[in-house]
Each structure stands twice: as C-alpha cells, then as structure tokens.
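The shown structure was predicted, so the numbers you read here are calculated from the model rather than taken from an experiment. Sequence lines set the chain letters: A, B, ... in the order given, protein chains first and strands last, and positions in each chain run from 1.
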Amino acid sequence: MTPNPPEKPPLDSKPRLRYDAQLATSIEAEWQDRWDREHTFWAPNPSGSLGDGFEALKDRRSVYVLDMFPYPSGAGLHVGHPLGYIGTDVYARFQRMTGANVLHAMGYDAFGLPAEQYAVQTGQHPRVTTEANIANMRRQLRALGLGHDSRRGVATTDVDYYRWTQWIFLQIFNSYYDDALDRARPITDLVAEFESGERDARSLTDGLAWADLDDLKRRILVDSFRLAYVGEAPVNWCPGLGTVLANEEVTADGRSERGNFPVIRRPLKQWMMRITSYADRLIDDLDLLDWTDSIKLMQRNWIGKSIGAEVTFGVELHESLEIKVFTTRPDTLFGATYMVLAPEHELVDALVPSEWPGSQLDDAHSEIPLAWRGVFGAEVSPPEAVRRYRAFASSKSELERQAEGTVKTGVFTGAFAVNPVNDERIPIFIADYVLAGYGTGAIMAVPAHDDRDFAFAREFDLAITPVVEPDEKWLSENGVSSSDASNWIEAFTGVGVAMASANSEISLDGLDTPNAKAAITAWLEAEGLGHATTTYKLRDWLFSRQRYWGEPFPIVYDETGLPIALPAEQLPVELPEVSDFAPRISEDPEALPEPPLSRAGDWLEVELDLAGPAWAGLGGGPKRYRREVNTMPQWAGSCWYYLRYLDPQNVDALVDAGVERYWMDSARGDGVHAAGGVDLYVGGVEHAVLHLLYARFWHKVLFDLGHVSTVEPFQRLFNQGYIQAYAFTDERGVYVEASEVVERDGVWYLGDEVVNREYGKMGKSLKNVVTPDDIYNDYGADTLRLYEMFMGPLDASRPWSTTDIVGVHRFLQRLWRNVINEETGEVNVSETPADDESLRLMNRTILAVRSDMESMSFNTAIARLFELNNHLTTVVAANGSAPREIAEGITLMVAPLAPHIAEELWSRLGHPETLTYEPFPVADETLLVVDSIEVPIQVNGKLRSRVTVSVSADAATLEAAARADEKVAELIEGATVRKVIAVPGRLVNFVLG
RNA sequence: GCCCGGAUGGCGGAAUCGGCAGACGCGACGGACUCAAACUCCGUUGCCCGAAAGGGUGUGCGGGUUCAAGUCCCGCUCCGGGCACCA
C-alpha cells in the first residue's frame with residue numbers, strides 16, 4: 001500500500017516526497033483507515049462473539065494493557081492528556097511484535113457533573129453533550145494512531161453498560177461479610193444460618209431469636225448485614241453541588257474536590273458500601289501488586305489501620321456508666337491523668353453534673369484548678385459550659401481548626417472517671433481534638449507520652465506522669481530527667497521500658513513496650529476491663545448522590561420504607577426523562593436535599609409482582625412500590641469497566657468466565673505476579689486512593705462471589721507524569737496567549753512588551769493550551785507521539801516545549817530520506833550485506849531498545865534509534881543507499897513509537913502485510929561480541945589516560961598495559977606506587993604514596 | 001508537624017553492582033549549500049585558566065566512608081506530592 005503522490009506540483013523547490021507535515025498526515029490518514037478496514041487491532045477472545053480469529057493467535061500469550069478511563073470533557077484534549085495513552089500504545093505494539101495477543105481498548109467514563117451542570121444551564125440533555133464530547137475525543141485519539149480494539153470501547157452511560165453496573169450493585173446488596181471465612185457470601189446464606197439456628201441472632205435483637213422476630217425486625221436485622229445498606233450517619237453535604245460526597249471527595253480544608261465548594265457535616269440517610277469489611281484485605285493484598293511504594297503507602301495511610309486495645313473506664317457517682325476508650329498504647333494506662341470525650345460523645349449529657357463538684361466555686365479552697373473551667377469561668381454551670389463549648393467547637397470551620405494548629409481547647413465536664421488499673425480519679429474533659437468518628441470517640445489522656453495530650457495538659461495545668469523510661473539520648477537532648485516531668489518540653493512518644501506501672505495484681509515495670517502492651521492487654525481481658533482491638537480511619541463508602549446524570553439504583557421501597565432489590569431480570573432501570581436536571585436546594589439548612597429524579601413523574605412509582613420470602617414483604621402478588629431517587633456516584637461505572645472491555649457484547653453475564661480468565665488470570669503463577677489482573681494499568685497518581693480503592697473493593701466482592709478469578713484487578717500500576725507548560729502574564733498580571741510569546745536573550749516578550757513567565761497546568765485560564773490537533777497539523781501524529789515519548793521518562797512530569805519538537809521531526813525526516821529518494825519516491829536500499837560496523841551497531845541497538853521497551857524507558861530507546869539512524873545517514877551519504885537489513889531493522893524498531901511512517905516504509909520496502917505482527921528484531925549474539933575495549937587509567941583517582949586491551953585481559957595484563965602507557969609512565973615515574981587497583985573490563989587506578 | 005519523591009550544562013534529560021559525568025535532543029556558535037533566506041548537511045559546545053599542548057574545577061549545601069561517590073552514610077536547604085489533632 002502506497003499513498004498517491006501529491007497531485008499538485010510543489011510550490012517551491014522542496015523535494016516532492018520530503019517527509020513534512022503534509023506527507024506525514026496523508027500517510028497517517030491512509031494507515032488509520034487501513035487499520036480500521038482490516039481490523040488490525042481487534043484482539044480475539046478465546047470464545048464468544050469476539051472470538052473470530054482466535055485460532056491464529058492461540059499460541060500467543062495474552063497481555064492486557066489498560067489506560068485509566070477518561071472523562072470526555074467538552075474542552076477536548078490538550079497535548080498532556082494523551083501522554084499515557086501513547087505510552088500504553090507503544091508498549092502494546094511492542095508486545096504484539098514480541099508474540100502477544102494484546103487487548104488494548106479505550107472507553108469513556110461519561111456520567112458526571114460537568115455535562116449535568118451544562119444541562120442545568122442550557123436545558124440541553126446531558127446525553128446530547130456527552131455524546132458530542134465522546135465523538136470529538138474519539139476523533140482526536142484516532143488521529144494519534146492508537147491501536148485500540150474499537151469494539152470494546154464502552155461508555156458508562158450506555159444502557160447496556162449501566163445495566164451491569166446495576167447488576168453488580170445487586171450482587172453487593174445481596175451479600176454480607178462472613179467474618180469467620182473472611183469473605184463475602186450471598187445474603188441467602190445468612191438467612192439460612194439464622195433460620196437453622198447456626199447463627200444466633202439474639203445478641204443483635206435484644207435477646208429475641210430469629211423465630212421470635214416479626215417480619216419487620218427480620219428485615220431490619222438482615223439489612224444491617226448487607227454490603228450495600230442505607231445508613232444514617234453524619235455525611236459530607238455540599239450545598240454548592242446540591243449533593244453529598246464521599247470522604248475521599250472532600251479535601252483537607254473541608255471543601256469539595258470538584259468545584260471547591262464548602263462541605264458541611266450533617267446526618268442524612270444515604271446508601272453506604274461496607275468497604276470497611278475489606279480493610280485488612282485491601283492492606284494485605286497490596287503486597288501482591290507491582291505498584292510503586294508511594295501509592296501503596298497512600299492506600300495504607302488512607303485505610304489507617306491501628307492495632308491497640310479498648311479499655312473501659314468507670315465514672316464516679318454513675319455506677320451504670322462506662323466509657324470505652326481506644327488506645328494504641330495500653331502500656332501507658334498507668335500514666336492516664338485525665339480523659340477526653342469528643343464534644344458530640346453520647347455519654348456527655350449523662351455524666352455532666354448540674355453544679356461543679358464540692359466547694360470548687362471558692363478558688364481559695366478549690367481542688368479544681370482555675371484553668372480547668374476554661375474560657376467560660378466559674379460562674380457558668382457545667383451543663384452550660386458544655387453547651388457553650390459545643391457551640392464554639394461546631395461553629396469552627398475545618399480551616400479555622402487547622403489555622404489554630406496545636407492550640408488545644410476544651411472544657412472540664414465536672415465529672416470524674418476511674419482509672420481501672422489504679423482506681424485513680426481522673427477528670428473528664430470534652431475537647432475537639434478528640435474526634436467523634438474515630439475509635440470510640442473518647443480517649444484516656446497520657447500527657448507524658450502523647451504530643452496532643454501533652455499540649456492539652458500544659459494548657460489546662462494537668463498532671464503529667466511518666467510511665468515509660470525515655471532513652472538516654474532523648475533525656476540528654478531535652479536536658480530533663482525521667483522521674484520529674486515538670487520541666488519536660490515535649491512528650492516522650494517512643495518505645496522504652498515501663499516504669500511506675502504496677503498495682504497489687506500486675507506490674508509492667510521493667511518490661512519493654514511490646515511486652516508491656518501484651519501483659520496489660522492480657523490482664524485487662526482477664527479482668528473484663530478491656531480487650532485487644534483494631535480500628536481503621538477508613539469509613540464505609542457513601543454511595544448515593546442527589547444528581548440526575550448517574551446510574552439509577554435498582555432498588556424500590558415498599559410501605560415499610562425499607563429497600564427491596566429488583567430482580568436481575570428487570571434490569572436495566574433506565575434513567576427517566578426529566579425537564580429539570582438541577583437538585584433542589586432548600587433555604588432551610590436542615591431540609592433534605594431533593595434529587596432531580598424525585599420529580600420524575602410516572603417513573604417514581606411502579607407496580608411489581610416480586611417473588612421472595614413473605615417475611616421480606618415479597619411474594620404477596622402485585623404491589624405498588626416507590627423507586628429510589630438517588631443515583632450512583634461517578635466512581636461506580638469506573639469500578640469495573642476493565643471487566644466489560646473483555647466481553648462488551650455479552651448479554652448473559654458481565655463477562656464470560658473463560659474470557660475473563662484468559663485475559664485476567666494470565667499474569668499469575670510466574671513467580672512474580674501473585675495477584676493476577678490487568679498486566680499494565682497506566683494513569684495519573686490523582687486516583688491513588690479514590691478510584692483504585694473502590695475498584696479493588698468491588699473486584700474483591702466479585703471475586704468472593706465467584707464472578708472473577710483474580711483477587712486483584714490491576715497487577716502492575718504505572719503512574720505517568722504530567723505535561724505542564726509555561727504561562728505568561730503581562731504587567732497587570734493578566735495571562736497572555738502563551739503561543740505568541742517569544743524569547744530574546746533570556747527575556748520573554750509579547751510583541752515589544754516584556755512578560756513574566758510562570759509554570760503550571762495546561763488550561764484555558766492560563767492561556768497556555770497546546771492541542772494535539774495543532775501539533776499533527778504542523779508535524780504529523782508520529783512526530784507528536786515520538787516527542788511525547790522522548791521528552792523524558794514516562795513517570796516524570798515535564799514542561800511542554802513546542803520548539804523542541806523539531807528534533808524528533810528531523811529524525812523521522814532523516815529516516816525517511818535514508819530509505820526513500822525524496823525526489824523520485826524510489827526505495828533507496830541495496831541488497832548487498834551491511835558493513836560490519838553497521839551490523840554491530842544495529843545489534844547493540846536492538847539489545848538496548850528491547851530492554852528499554854520492556855521497562856517502558858521509551859526516551860532512551862528513542863535515543864538509541866537516533867544514534868543508529870545518524871550512523872545510517874553517514875552510510876547512505878558514503879554509499880548512496882541504505883543496506884536493506886539495516887533499513888528494515890530500524891523500521892521495525894521504530895514501529896511501536898511511530899507506527900504510520902514505519903508501516904509506510906515497510907510497505908515500500910516490499911512487504912504487503914501490516915508490520916503490526918512482524919517479529920521485533922532479535923539481536924545476533926555473535927555480533928555483540930567485542931574483542932577489545934578501551935579502559936580508563938586513573939592516577940590517584942583522576943582520569944589520566946586510556947588503553948585499549950583485549951576484553952579477556954586479567955588484572956595483571958591490564959596493569960602492565962597501563963604502565964606501558966607513555967603518559968602514565970611519566971606520571972608514576974619517581975613516585976611510590978602504594979597500591980594498584982585493576983578491575984578487569986573496568987579501569988586501572990594507581991595510588992601514589 | 002509527619003510521611004513519600006526530587007535537585008545533574010542555557011533547557012529537556014542520560015549514566016546496571018560505587019568504576020571515563022553530561023548519551024540523545026533542543027538552543028547557541030562556526031562552516032557548507034544559496035543571489036539571499038528558509039530547509040538540509042558538517043563541525044564545536046559544562047565552567048575557569050591557556051595561543052596550543054595541557055591544567056584546574058564540576059552532579060542543591062556541609063561533613064564522612066572509599067583507591068574511586070551523581071550513586072553509599074550523617075546533618076541541612078529548597079522544590080513537588082500525600083496526610084493533617086486518627087489516640
């Protein structure tokens with residue numbers, strides 16, 4: 001296949017077939033059409049509707065290469081977006097040439113807020129905008145020559161796709177977590193256990209057995225076990241977006257990650273997913289994955305596992321009250337000198353006395369230090385002080401809370417707790433440094449060994465009692481002693497030897513921290529005062545949103561107000577048409593948010609005849625139900641798209657089991673890849689906790705229920721860097737069009753005006769966007785691909801520089817000219833064998849390029865190809881033609897990086913078939929052997945000369961050769977050679993005395 | 001505050017195990033071609049001294065280990081990212 005020569009004669013004296021933008025883009029368009037026509041990148045499945053052609057490839061290994069699911073933005077792509085897509089395409093093409101059946105596809109994460117907000121403003125249905133955006137993005141990506149299997153490019157908004165998203169939701173809803181087996185099981189198993197008495201319900205139902213429960217109580221009990229459940233909990237309500245958000249979607253300063261709107265905490269009934277049941281497996285299985293340590297660490301930190309103990313404290317004058325605290329340092333229990341409850345803690349009201357205890361109002365005789373009463377003074381009663389403090393604490397925004405840093409506030413409640421190990425009476429405070437949502441919402445404060453408690457104790461003049469002997473280094477650095485903490489300037493939080501920790505039954509004194517923890521925990525358990533326990537920062541995943549443009553839940557409610565799952569046969573639940581896409585936000589901050597679907601008229605109610613057990617309200621004949629009006633979050637669709645790529649047309653299952661195993665399980669069992677899953681997953685680091693945690697969770701549920709064969713979805717994760725760009729501001733500080741700025745002598749000018757250079761993301765607001773369309777118009781797609789891969793390592797961020805592109809463009813031009821006569825279009829290769837030097841260089845190049853391709857070091861692979869091409873240029877200049885074996889070798893090696901020009905050259909070199917499945921060149925070992933090498937000679941570690949010796953030269957030979965070198969001889973003459981280091985194949989170093 | 005990652009020419013970046021720092025590209029400079037320019041091709045290019053030969057110096061800063069350090073160790077600075085009272 002050859003392109004038609006340009007029809008018009010060239011305007012100037014430019015050779016007719018010079019590889020310029022015009023020729024490049026015409027070659028590219030023709031090859032893109034041919035790849036489509038010939039289904040070049042269709043990866044056959046082992047069976048099913050996409051199984052055609054598998055027989056021919058059945059002996060190949062399977063490789064699944066995946067890009068993170070893009071959102072089809074209305075703004076289109078800039079050159080930063082395709083960086084990862086080009087990287088995966090190069091990798092995928094290399095894999096095909098080294099004998100793999102490669103699955104590489106691209107779909108669209110198309111539900112989401114921007115299309116909906118646009119709809120709210122314009123009345124345009126989000127589906128219309130979404131489809132237009134997808135079409136534009138497809139066009140832009142196609143022009144890059146990405147080898148995607150177009151049959152697999154699903155969009156989350158396709159009804160055929162979200163039908164299966166809903167189906168997965170049903171699986172999760174209809175499951176519970178069996179803690180004993182440590183996996184999810186069908187909820188029917190749980191019901192069977194209750195019915196048979198195998199599982200005792202009584203501890204959960206005020207002592208009633210399953211048989212004694214009425215239908216409603218049975219449903220509530222069973223619902224409380226489901227992995228997807230409706231829970232009432234403080235959630236992140238974002239009035240600016242009119243919806244609730246997951247913890248992961250809220251930034252540290254209490255704003256929405258999208259849109260940067262304020263987020264407030266309020267209790268609401270919402271759908272939750274029991275991801276916390278998987279916390280341990282989500283941490284442990286990280287060990288099986290080829291991910292960077294930093295991403296693994298971010299996931300571990302987010303899950304936030306803490307191993308410690310729960311300890312029960314009594315309350316003075318309240319025999320019936322018990323306060324449970326969580327601590328990771330039970331060994332410091334003897335050092336607890338006060339206790340703190342979160343201001344919202346449920347026991348606060350019960351234990352606060354109406355008056356300050358005893359005679360404390362009289363400062364002269366008070367046993368209560370003045371400081372304890374905090375800011376409100378002595379004339380305020382405890383309930384009023386608590387009320388005022390709560391008001392003060394809840395009025396603070398997250399930002400204010402942070403701004404205050406380590407300044408601790410709080411108020412004494414007037415009540416005392418009793419330390420169970422020594423019966424000491426310790427004051428109970430409320431303070432907002434203790435969080436209601438973590439642990440038990442209460443702590444024992446050990447100021448000697450905890451920074452926060454130390455700061456609070458100093459603020460409130462509370463006792464600081466050391467119970468762990470600090471190490472000498474700490475004591476001397478701080479200039480203090482372990483016996484008296486009065487002049488300590490910080491807490492000792494390290495491990496050490498326990499001291500002053502004994503009662504009549506147990507002594508921790510002399511034990512190191514781990515042993516002291518074990519001893520006290522055992523004692524607490526024996527005494528019934530506490531037990532070992534583990535807590536997590538991870539909360540259950542808030543799964544409902546008050547939006548229109550998302551997946552409807554396959555859930556209806558009956559008259560009890562409890563949810564009922566629709567049977568899978570009734571899927572999909574399609575989004576109804578509505579006229580108003582905006583969530584309604586009431587002026588009343590306490591009012592419930594009103595999702596757009598709650599105004600969807602007829603859709604809201606449905607008459608169904610649902611089969612099932614009577615206790616669950618089913619099987620009673622046709623009945624009217626009300627639909628769930630929330631929709632799923634955008635993460636839902638992106639939690640499993642990689643599974644649908646495998647089998648996108650399957651109407652019977654989300655993915656066929658055999659197909660799933662073929663692609664997903666292939667990476668296992670080679671001794672390195674323990675978990676299986678996608679062979680290579682490339683995307684930005686911004687999904688480190690959100691998408692990657694949710695997807696792993698869903699995958700594990702599907703694994704537990706037998707729908708997928710691997711424990712993890714993504715075996716190898718690669719985080720690509722970002723392409724950033726310079727932006728320029730004028731003297732008013734206003735951004736100016738970056739493409740019009742020029743540099744003269746290190747100063748930047750827009751016209752004659754000096755402008756200021758900044759550096760940041762590419763975007764409309766900085767006026768520094770460069771689009772792929774711009775670049776392929778000016779240079780062609782191969783040049784763009786090559787430049788993006790050449791700029792630096794794929795995982796590093798780097799600045800875009802349009803001026804640097806000419807380097808790679810010149811490379812392609814030179815390659816073209818080495819093979820094709822620019823004037824005549826004739827192939828300019830010779831059939832005579834290449835000279836020895838050229839062959840050796842090519843084989844060294846093959847070796848290096850192969851290894852660089854495998855490690856995705858595309859920048860250095862390209863550098864090696866530059867060198868080979870530059871050498872070939874000199875050969876062509878000398879001989880008038882390129883040796884065929886070199887021309888073909890370099891063409892094949894360039895193919896993964898710049899596939900269009902490579903296909904065109906390959907075709908012109910006389911090969912009718914695409915080179916997509918040609919074997920990648922293999923280095924000839926015999927041509928890699930060298931017999932002599934140049935070795936550096938150092939004197940006192942400084943490079944002074946070089947000698948050429950045989951590769952096999954041993955240390956003595958090497959030293960002799962070095963001594964024979966004229967320059968070296970001169971330098972060591974007369975000096976005492978104290979030592980000679982001669983490393984064969986490396987260097988010689990003479991150390992003079 | 002804590003935890004990660006990074007710092008190499010004018011710029012983007014190379015450099016297996018500690019063994020010739022600066023591959024490759026851009027830019028700059030010089031030359032060829034051209035009436036001229038662009039394109040293309042050839043050459044030079046870390047910095048300092050020197051006409052040259054050559055010498056000195058050099059991988060954020062300060063120490064150290066070593067025959068030898070961009071690479072290892074200790075102490076900092078700055079930049080990027082994550083977490084942020086998680087008991």
Practice item. Searching all strands shown, indicate the nucleotide that pairs with B/rA23 (Watson-Crick or G-U wobble; both distances under 3.5 Å). Key: none
Review point. Could you give the NZ-to-C1' distance, from A/K305 to B/rC3, as a whole number of Å?
Key: 20 Å
Review point. Touch check for A/V434, heavy atoms < 4.0 angstrom, all strands: base, sugar-phosphate only, or nothing?
Key: base
Check your understanding: B/rA87 C1' sits how many Å from A/F492 CZ, rounded?
Key -> 17 Å
Practice item. Name the pairing partner of B/rC29, where a pair is Watson-Crick or G-U wobble with both distances under 3.5 Å, or state none. Key: B/rG43
Point to revise | Whole-Å distance separating the CG atom of A/N940 from the P atom of B/rG56 | key: 11 Å
Check your understanding: Can you tell me if NZ on A/K761 sees more than 12 non-hydrogen neighbours from other groups inside 6.0 Å?
Key -> no
Practice item. Identify the nucleotide, in any strand shown, that forms a Watson-Crick or G-U wobble pair with B/rC17, with both distances under 3.5 Å; if there is none, say none. Key: none
Check your understanding: Which value, in whole Å, describes the distance between the P atoms of nucleotides B/rG5 and B/rG75?
Key -> 16 Å
Practice item. Verify whether one side chain among A/N818 and A/T873 offers a donor that lies under 3.5 Å from an acceptor in the other. Key: yes
Review point. Can you tell me how far C1' in B/rG22 sits from the matching atom in B/rC35, rounded to whole Å?
Key: 42 Å
Check your understanding: Is A/K967 touching bases, backbone alone, or none of the nucleic acid, heavy atoms closer than 4.0 Å?
Key -> sugar-phosphate
Point to revise | Distance, C1' atom - from B/rG46 to B/rG70, rounded to whole angstrom | key: 14 Å
Practice item. With syn defined as a glycosidic angle within 90° of 0 and anti as everything else, classify B/rC17. Key: syn
Check your understanding: Which nucleotide sits closest to the side chain of A/S306: B/rA87, B/rG55, B/rU57?
Key -> B/rA87
Review point. Just by distance, with hydrogens left out, do A/D954 and A/T957 show a side-chain donor and acceptor under 3.5 Å apart?
Key: yes
Exercise for review: Mind calculating the distance between CG (A/N869) and P (B/rC41) to the nearest angstrom?
Suggested key: 10 Å
Check your understanding: Minimum heavy-atom separation for A/N768 to A/M762, with atom names?
Key -> O-CG, 3.3 Å
Point to revise | Note: A/K408-A/E459 ion pair, threshold 4.0 Å (strictly below) | key: no
Practice item. Between B/rC72 and B/rG13, how far apart are the C1' atoms? Round to whole Å, please. Key: 24 Å
Review point. How many Å lie between CG on A/D453 and P on B/rA87, as a whole number?
Key: 12 Å
Practice item. Send over the distance from A/H449 NE2 to B/rC85 C1', rounded to a whole Å. Key: 19 Å
Exercise for review: Counting Watson-Crick and G-U wobble pairs only, both distances under 3.5 Å, name the nucleotide matched with B/rG9, or none.
Suggested key: none
Revision key, fill the gap. Sequence neighbours excluded, the answer for ring-ring contact (aromatic ring centres under 6.0 Å, His included) partners of A/H345 is none
Revision key, fill the gap. Taken in chain and number order and not counting sequence neighbours, the residues that satisfy ring-ring contact (aromatic ring centres under 6.0 Å, His included) with A/F313 are none
Check your understanding: Backbone N or O of A/T332 within a donor-acceptor pair of the A/H449 side chain at under 3.5 Å?
Key -> no
Check your understanding: Across the strands shown, which category fits A/R944 at heavy-atom distances under 4.0 angstrom: base, sugar-phosphate, nothing?
Key -> sugar-phosphate
Check your understanding: Using purine N1 to pyrimidine N3 plus N6-O4 or O6-N4 for Watson-Crick, or N1-O2 and O6-N3 for G-U wobble, both under 3.5 Å, which nucleotide pairs with B/rG1?
Key -> B/rC83
**Study point:** For B/rC61, the Watson-Crick or wobble partner whose two distances fall under 3.5 Å
**Key:** B/rG75
Point to revise | Residue matched to B/rU66 through Watson-Crick or wobble contacts both under 3.5 angstrom | key: none
Point to revise | Lys/Arg-Asp/Glu bridge criterion (N-O < 4.0 Å) met for A/R864, A/E867 | key: yes
Point to revise | Between B/rC83 (P) and A/L693 (CG): distance, integer Å | key: 13 Å
Review point. Mind checking the P distance from B/rC73 to B/rG18? Whole angstroms is fine.
Key: 10 Å
Point to revise | Check ion pair A/R329-A/D331 (N to O, under 4.0 angstrom) | key: yes
Review point. Which sits closer to the 5' end of RNA chain B, A/F990 or A/R329, going by the nucleotide each is nearest to?
Key: A/F990
Practice item. List the protein contact pattern of nucleotides 13-31 of chain B with one symbol per nucleotide (5' to 3'): B for base contact, S for sugar-phosphate-only contact, - for none; contact means a heavy-atom distance under 4.0 Å. Key: SS----BB--BBSSS----
Check your understanding: How far does the P atom of B/rC3 sit from the matching atom of B/rU16, given to the nearest Å?
Key -> 29 Å
Practice item. Please state the C1' separation for the pair B/rG9 and B/rG60 - nearest whole angstrom. Key: 15 Å
Study note, to complete from the structure: RNA chain B nearest-nucleotide lookup for A/Y536 and A/D293: closer to the 5′ end is A/D293
Review point. Looking for any heavy atom pair under 4.0 Å, which part of the strands does A/L297 touch: base, sugar-phosphate only, or nothing?
Key: sugar-phosphate
Exercise for review: Could you tell me the separation between the CG atom of A/N818 and the C1' atom of B/rC41, rounded to a whole number of Å?
Suggested key: 12 Å
Exercise for review: Please state the P separation for the pair B/rC11 and B/rA28 - nearest whole angstrom.
Suggested key: 15 Å
Review point. In terms of base orientation, is B/rG9 syn or anti, with the syn window spanning 90° either side of 0?
Key: syn
